Undergrad: 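Before anything else, here's the structure in question.
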Amino acid sequence: MQEKYNFSGIEKKWQKIWEDEKAFKTEVDESKEKYYVLEMFPYPSGKLHMGHVRNYSIGDVIARFKAMNGFNVLHPMGWDSFGLPAENAAIKNDIHPDIWTTENIAEMKRQLNLLGLSYDWDRELATCKEDYYKWMQWIFIQFYKKGLAYKKENPVNWCPSCKTVLANEQVVDGCCERCETEVEKKNLSQWYFKITDYADRLLDNLDELDGWPHKVKVMQQNWIGKSKGAEVEFRIEDFYKRLKVFTTRPDTLFGVTYMVLSPEHPYVKLLTKGTECEEKVNEYISKISHLTDIERSSTTKEKTGVFIGAYAINPVNDKKVPIYISDYVMMDYGTGAIMAVPAHDERDFEFAKKFDLDIIPVVDSKDPEIDVNDLKEAFVAEGDMINSGKYDGMNNRDAIAEITKELIEKEIGKETTNYKLRDWLISRQRYWGTPIPMIYCRKCGWVPEEEKNLPVVLPTDVEFKGKGESPLKTSKTFAKAICPICGLESTREMDTMDTFLDSSWYFLRYCDPKNQDEIFSTEKVNYWMNVDQYIGGVEHAILHLMYARFFEMVLYDLGLVKYEEPFKNLLTQGMVNKDGRKMSKSLGNVVSPEEILSKFGADTARMFILFAAPPEKELDWSDQGVEGSYRFLNRVYRLVCEYVNEIRNEDKLKEEIIVNSADDKELNYALNATVKKVTEDAGGRFQFNTAISSIMELVNELYRYKELDSINMPLFDKAISDLVIVLSPFVPHICEELWENLGHENRLFNVSWPTYDEKALVRDTIEIVVQINGKVKEKMVIENNSNKEVMEKTALENDKIKSLIEDKNVIKIIAVPNKLVNIVVK
RNA sequence: GCCGGAAUGGCGGAAUUGGCAGACGCACAGGACUUAAAAUCCUGCGGUCUUUAUCGAUCGUGCCGGUUCGAUUCCGGCUUCCGGCACCA
């Protein structure tokens, strides 16, 4: 066996063998339990970064571990290949997005393969290929038929740099999540998906996702933003329509002192037209329309607003209150109008102070420090009702229910639930995406393309100018279509789909990626789904993960899949940082994976990344840490090499393993403890750092044992073999090489995971601790599983303990078997 | 502002059920091998005090308090940092 650890030769050799042997190909096999492990597929930017390396290393350990434990593992990889960068490259470099993307995929696949990942490449898919987006369009049509896709004109988020509209979820702090340009509002007619229909299910199902990080579930909860309350109708003086408001605090109805409409509220024009207030109202509306969303929604901004000259009548006490407009009321939440209770709402309080409006407390504070008749700030806590007629004295929690009941009886209100979640705007005014398969017929309106005509293919005769219109409009052929209903010459939809649609179901297509006749075979999807372990960055906690859940629910309702939730377990890996900061070009602290791979090899890179931190935590890149991992692999290599070349004696290997000497027992203990630890940490908890540390301990023990005068050959051989096996999911190349040199002809990923012997983990004698008043004073070696009496007796007979307690009163003795004796003295 | 999460040596981190805090690794220091270096191997490595050294004493898991024989772990109250949401009525 070659003495030097030649990682480069070894890695090339095994990558070739795996590829030639199609080592990781999977098929449905009903006789075996399946395991679907999935890493979020990448956008083919062309360059692999450390985040990818981490993501895929984690997935690969799990995939290899599960395969060795007898599971039929599905571990696919593909490309989220529609999207803006390709199109921007087209505009800039005059290269077709398809070519740019295809080249990038090839380059990235080459880099991925350098990592030795156990993918079934026969299942590779790319969302920009016709055979994928054909089914994307098919799904769109199913959504449309189910009434879940609709077109409407609305003020939408427009990114002036990306020149397209964005979904709510893609706007971060008022800016485009991709390019950080400030987002503008535009009134456009756009396609939406009715994700709001699924708000409750998206929320309720979260409870059952035990295998998801708490954090992600909370983020989705916040995003859905469910709040229960009541809708209340107010009469408006001298006006034929009633004003509806939403409130979560019907208990404060008696404290309403004014009303506020959003400036965009349709009543504003009706109520002010021709009145003396019209001018200043219009002035205000025009002023705030120049504000950006960020300016308008800043909580630090002073409240502004204007009285519109109209009054509303409070239905519970017939009080007349003035109506204002203000930009702190949003048109797209609730009814676009609020009842203002300054005594019990911070925003209303601020507004009332500024405009010198009445503040009437209706909930009394239990805290004597707070005088509700002289408030310095809004009182939002619980308390008993005051100034509220027959409800006075009632706890305000109860009053919520009682007053709501009264509203319903009088038919001036009802219970309502509101959500922050908005419908998903899915149209994009870009070329490099799935064409929306809809046709506009001037007689029949919007009609879906016939399914037999799918896919609606992206035309190639387009120009990329980067104007604010879909490049599809420059195609001479694309627009023309025949109405599937009446045959009239019609026009196609020119927008494409948000790429988040493509990634909302790719995990299903992996189950049956080559199917020409249907989106996937039910049988195959039922066998593989759902995803047992999904791994990716936490940045997808809301967008991708909620959209994918929504898709799965709709497909479930369509009878296409048997689970409502696609991802059983989710692992959100932490970021890879350098010097405590995010790796970024501008900071100049980017570590290139390829450089590390050529210097140390894939196994070292994987080892470091898995060992340096638990997967969900941030990981700080450390060059010295990488060298440490490299050192460790060299140490393992030398150990096996020395064994194979110098120590191994084939004749002795045939003997049965008999563990006899104390040293043998030590080694056997270390071996079994390590197998147990790695099995639990790598297979269950996904704490690869501790799994690896326990393997390091075994290596240390093997080095110690190797130097002994007599070596128990069969035992040592077993320990070396098991070491190589349990290490292989982490660093597969070096282990295959070692395995081969140990004389095996099979491949490690086909080898069964070793079992451990609980008996070997039971030592003859163990060390226990003797405490006095909880402080460790002495350590004693006693027989394993000694009973409490023996433990106490041994402790009390110990000379040191004796001397320490001789002039004290023993009050109590606590003995915990195999752990400690605690003597309480006074 | 609201909602989550975290805080342990010089550093990354471990302690899975309330039971020896600091596994494993990095860095550092000393030694062995070597003409020398690299590599490798061995030893030490939380603070303070004490001792020639051993042995030992004592403090120590962000801060304050509680429960307990015993708390990094449970409870209450803070501080700081990270993340999410945010005039959402």
Side-chain angles (χ1 to χ4, degrees), chain A residues 4 172-173 213-227 229 245-249 252 260 262 296-301 303 326-330 332-341 344-348 350-351 380 418-421 538-539 541-542 580 607-608 611-614 616-629 631-632 634-635 638 677 680-681 684-685 687 689-700 703 707 767-779 800 811-825:
Chain A
K4 194 172 173 306
V172 179
D173 295 330
H214 175 71
K215 179 168 113 174
V216 174
K217 293 200 273 187
V218 172
M219 281 165 77
Q220 294 208 356
Q221 265 167 25
N222 287 342
W223 190 261
I224 294 166
K226 180 175 183 169
S227 56
V245 299
F246 172 71
T247 178
T248 53
R249 294 288 304 273
T252 62
V260 189
S262 161
R296 180 168 169 180
S297 63
S298 159
T299 46
T300 51
K301 194 189 98 184
K303 295 270 177 296
S326 172
D327 61 354
Y328 82 92
V329 176
M330 306 290 136
D332 59 357
Y333 183 77
T335 63
I338 60 156
M339 57 178 227
V341 187
H344 305 291
D345 180 281
E346 285 168 32
R347 296 149 300 177
D348 298 347
E350 208 190 309
F351 191 89
V380 293
N418 262 303
Y419 302 88
K420 287 194 227 174
L421 183 72
V538 74
E539 66 273 17
I542 298 172
M607 177 61 107
F608 169 72
F611 178 61
E616 68 283 357
K617 275 194 78 164
E618 288 191 343
L619 182 152
D620 206 62
W621 188 267
S622 146
D623 292 332
Q624 285 164 331
V626 176
E627 277 175 46
S629 295
R631 259 200 307 269
F632 171 71
N634 271 288
R635 201 166 142 78
R638 277 196 311 275
K677 181 88 179 146
E680 288 169 356
D681 286 1
R685 299 201 306 151
Q687 299 290 296
N689 54 332
T690 52
I692 290 170
S693 77
S694 116
I695 294 174
M696 286 172 169
E697 283 176 89
L698 176 60
V699 171
N700 291 344
Y703 264 94
E707 297 305 319
E767 193 183 65
I768 64 156
V769 165
V770 184
Q771 299 178 331
I772 293 178
N773 290 344
K775 303 255 187 244
V776 180
K777 294 291 170 185
E778 180 68 316
K779 291 175 183 181
K800 189 175 169 198
I811 296 166
K812 193 173 169 186
I813 302 177
I814 293 117
V816 182
N818 287 352
K819 290 242 164 76
L820 57 78
V821 177
N822 187 13
I823 303 167
V824 185
V825 298

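Chain naming here is simple, since letters A, B, ... match the order of the sequence lines and numbering starts at 1 in each. Worth knowing before you read on, the calculation uses all heavy atoms, side chains too, and leaves out hydrogens, waters and symmetry mates. Predicted model, so just to flag it, every value in this text is computed and none were measured.
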Undergrad: Can A:Val341 and A:Thr247 be said to form a side chain to side chain contact (heavy atoms under 4.5 Å, CB included), step by step?
TA: CA-CA 10 Å; A:Val341 187; A:Thr247 178; over 6 Å; no

Undergrad: Indicate syn or anti for B:G56, taking the glycosidic torsion and treating anything within 90° of 0 as syn.
TA: anti

Undergrad: Does a side-chain N or O of A:Arg631 approach OP1 or OP2 of B:A27 to a distance below 4.0 Å, or not?
TA: yes

Undergrad: Identify the nucleotide, in any strand shown, that forms a Watson-Crick or G-U wobble pair with B:A6, with both distances under 3.5 Å; if there is none, say none.
TA: B:U80

Undergrad: Figure out the CG/P separation between A:Asp173 and B:G83, and round it to whole Å.
TA: 12 Å

Undergrad: Specify the separation, in whole Å, of atom OH of A:Tyr703 and atom P of B:C42.
TA: 9 Å

Undergrad: Pick base, sugar-phosphate or nothing for A:Met696, based on heavy-atom distances below 4.0 Å to the nucleic acid.
TA: sugar-phosphate

Undergrad: Could you state the interatomic distance from NZ (A:Lys819) to CD (A:Gln771), rounded to the nearest 0.5 Å?
TA: 12.0 Å

Undergrad: Nearest 0.5 angstrom please: A:Gln220 CD to A:Ile542 CD1, how far?
TA: 7.0 Å

Undergrad: Write down the partner of B:A86 under the Watson-Crick or G-U wobble criteria, each distance required to be under 3.5 Å.
TA: none

Undergrad: Counting side-chain heavy atoms from CB outward, which of B:G84, B:G19, B:C69 is closest to A:Val824?
TA: B:C69

Undergrad: Just do the side chain to side chain contact (heavy atoms under 4.5 Å, CB included) check on A:Thr252 and A:Met339 with the steps written out, would you?
TA: CA-CA 10 Å; A:Thr252 62; A:Met339 57 178 227; 3.7 Å; yes

Undergrad: Quote, to the nearest angstrom, the P distance that separates B:C2 from B:A71.
TA: 33 Å

Undergrad: When rounded to the nearest Å, what value does the distance between P atoms of B:G76 and B:C20 take?
TA: 25 Å

Undergrad: Look at the side-chain N and O atoms of A:Asn822 and state whether any lies under 4.0 Å from the OP1 or OP2 oxygen of B:U68.
TA: no

Undergrad: Check this one for me: any side-chain N or O of A:Asn689 less than 4.0 Å away from OP1 or OP2 of B:A14?
TA: yes

Undergrad: With C1' as the reference atom in both, quote the distance from B:C49 to B:G12 in angstrom, rounded to an integer.
TA: 31 Å

Undergrad: Using nucleotides 2-6 of chain B, report all nitrogen or oxygen pairs with the protein that are shorter than 3.5 Å.
TA:
residue : atom : partner  : partner atom : Å
B:G4    : O3'  : A:His214 : NE2          : 3.2

Undergrad: Examine B:A39: is either OP1 or OP2 under 4.0 Å from a nitrogen or oxygen in the side chain of A:Arg635? Give yes or no.
TA: no

Undergrad: Tell me whether the rings of A:Phe351 and A:Tyr328 are parallel (<30°), tilted (30 to 60°) or perpendicular (>60°).
TA: tilted

Undergrad: Taking pairing as Watson-Crick or G-U wobble with both contacts under 3.5 Å, can you name the mate of B:A53, or confirm there isn't one?
TA: none

Undergrad: Quick check for you: among B:A89, B:C24, B:G84, whose closest atom lies nearest to any side-chain atom of A:Glu697?
TA: B:C24

Undergrad: With a 4.0 Å limit, can you tell me whether A:Arg347 has a side-chain N or O closer than that to the phosphate oxygens OP1/OP2 of B:A86?
TA: no

Undergrad: For B:A89, does OP1 or OP2 lie under 4.0 Å from any side-chain N or O of A:Ser227?
TA: yes

Undergrad: Can you tell if the side chain of A:Phe246 reaches within under 4.5 Å of the side chain of A:Ser227, non-hydrogen atoms only?
TA: yes

Undergrad: Determine the interatomic distance between C1' on B:U8 and the same-named atom on B:G13; round to the nearest Å.
TA: 9 Å

Undergrad: Partner lookup for B:G25, please. Criteria are Watson-Crick or G-U wobble with both distances under 3.5 angstrom; report none if nothing qualifies.
TA: B:C11

Undergrad: Roughly, in whole Å, what's the span from CG in A:Leu820 to P in B:U17?
TA: 18 Å

Undergrad: So if I take every side-chain heavy atom of A:Trp223 and compare against B:C85, B:G12, B:G19, which nucleotide ends up nearest?
TA: B:C85

Undergrad: For A:Glu767, answer base if it contacts any base atom (sugar-phosphate contacts may also be present), sugar-phosphate if it contacts only those atoms, and nothing otherwise; contact means non-hydrogen atoms under 4.0 Å.
TA: base

Undergrad: Provide, to the nearest angstrom, the distance between the NZ atom belonging to A:Lys812 and the P atom belonging to B:G70.
TA: 9 Å

Undergrad: Counting side-chain heavy atoms from C-beta on, which of B:A15, B:U58, B:G19 comes nearest to A:Thr690?
TA: B:A15

Undergrad: Kindly say whether, by distance alone, the side chain of A:Lys303 makes a donor-acceptor pair under 3.5 Å with the base of B:C87?
TA: yes

Undergrad: Rounded to the nearest 0.5 Å, how far does OG of A:Ser693 lie from CD of A:Gln687?
TA: 11.0 Å

Undergrad: Pick base, sugar-phosphate or nothing for A:Gln771, based on heavy-atom distances below 4.0 Å to the nucleic acid.
TA: base

Undergrad: Taking pairing as Watson-Crick or G-U wobble with both contacts under 3.5 Å, can you name the mate of B:G19, or confirm there isn't one?
TA: B:C69

Undergrad: Using atom P of each nucleotide, how far apart are B:A6 and B:A14 to the nearest Å?
TA: 12 Å

Undergrad: Looking at B:G25, B:G84, B:C69, which one has an atom nearest to any side-chain atom of A:Met219?
TA: B:G84

Undergrad: Could you work out which one of B:A89, B:C87, B:C59 sits closest to the side chain of A:Ile338?
TA: B:A89

Undergrad: Within the 4.5 Å heavy-atom criterion, are A:Arg685 and A:Glu680 side-chain neighbours or not?
TA: no

Undergrad: Heavy-atom distance under 4.5 Å between the side chains of A:Val824 and A:Asn773, does that happen here?
TA: yes

Undergrad: Provide the distance between the two C1' atoms, one in B:G46 and one in B:C64, to the nearest whole Å.
TA: 23 Å

Undergrad: Kindly point out which of B:A89, B:C69, B:G13 is positioned nearest to the side chain of A:Pro614?
TA: B:G13

Undergrad: I'd like the P distance from B:C11 over to B:G47, given in whole Å.
TA: 12 Å

Undergrad: Does B:G46 pair with anything, Watson-Crick or G-U wobble, both distances under 3.5 Å, and if so, with which nucleotide?
TA: B:C59

Undergrad: With a 4.0 Å limit, can you tell me whether A:Lys779 has a side-chain N or O closer than that to the phosphate oxygens OP1/OP2 of B:C20?
TA: no

Undergrad: Counting side-chain heavy atoms from CB outward, which of B:U40, B:G19, B:A15 is closest to A:Arg638?
TA: B:U40

Undergrad: Supply the atom-to-atom distance A:Ile695 CD1 to A:Asn700 CG, rounded to the nearest 0.5 angstrom.
TA: 12.0 Å

Undergrad: Determine, stepwise, if the pair A:Arg635 / A:Val699 fulfils side chain to side chain contact (heavy atoms under 4.5 Å, CB included).
TA: CA-CA 8 Å; A:Arg635 201 166 142 78; A:Val699 171; 4.1 Å; yes

Undergrad: Starting at OH of A:Tyr333 and ending at P of B:A89, how long is that distance when rounded to a whole Å?
TA: 4 Å

Undergrad: What's the closest nucleotide to the A:Ser693 side chain, out of B:A23, B:A15, B:C87?
TA: B:A23

Undergrad: Taking the P atom of each, how far is B:U79 from B:U72, in whole Å?
TA: 23 Å

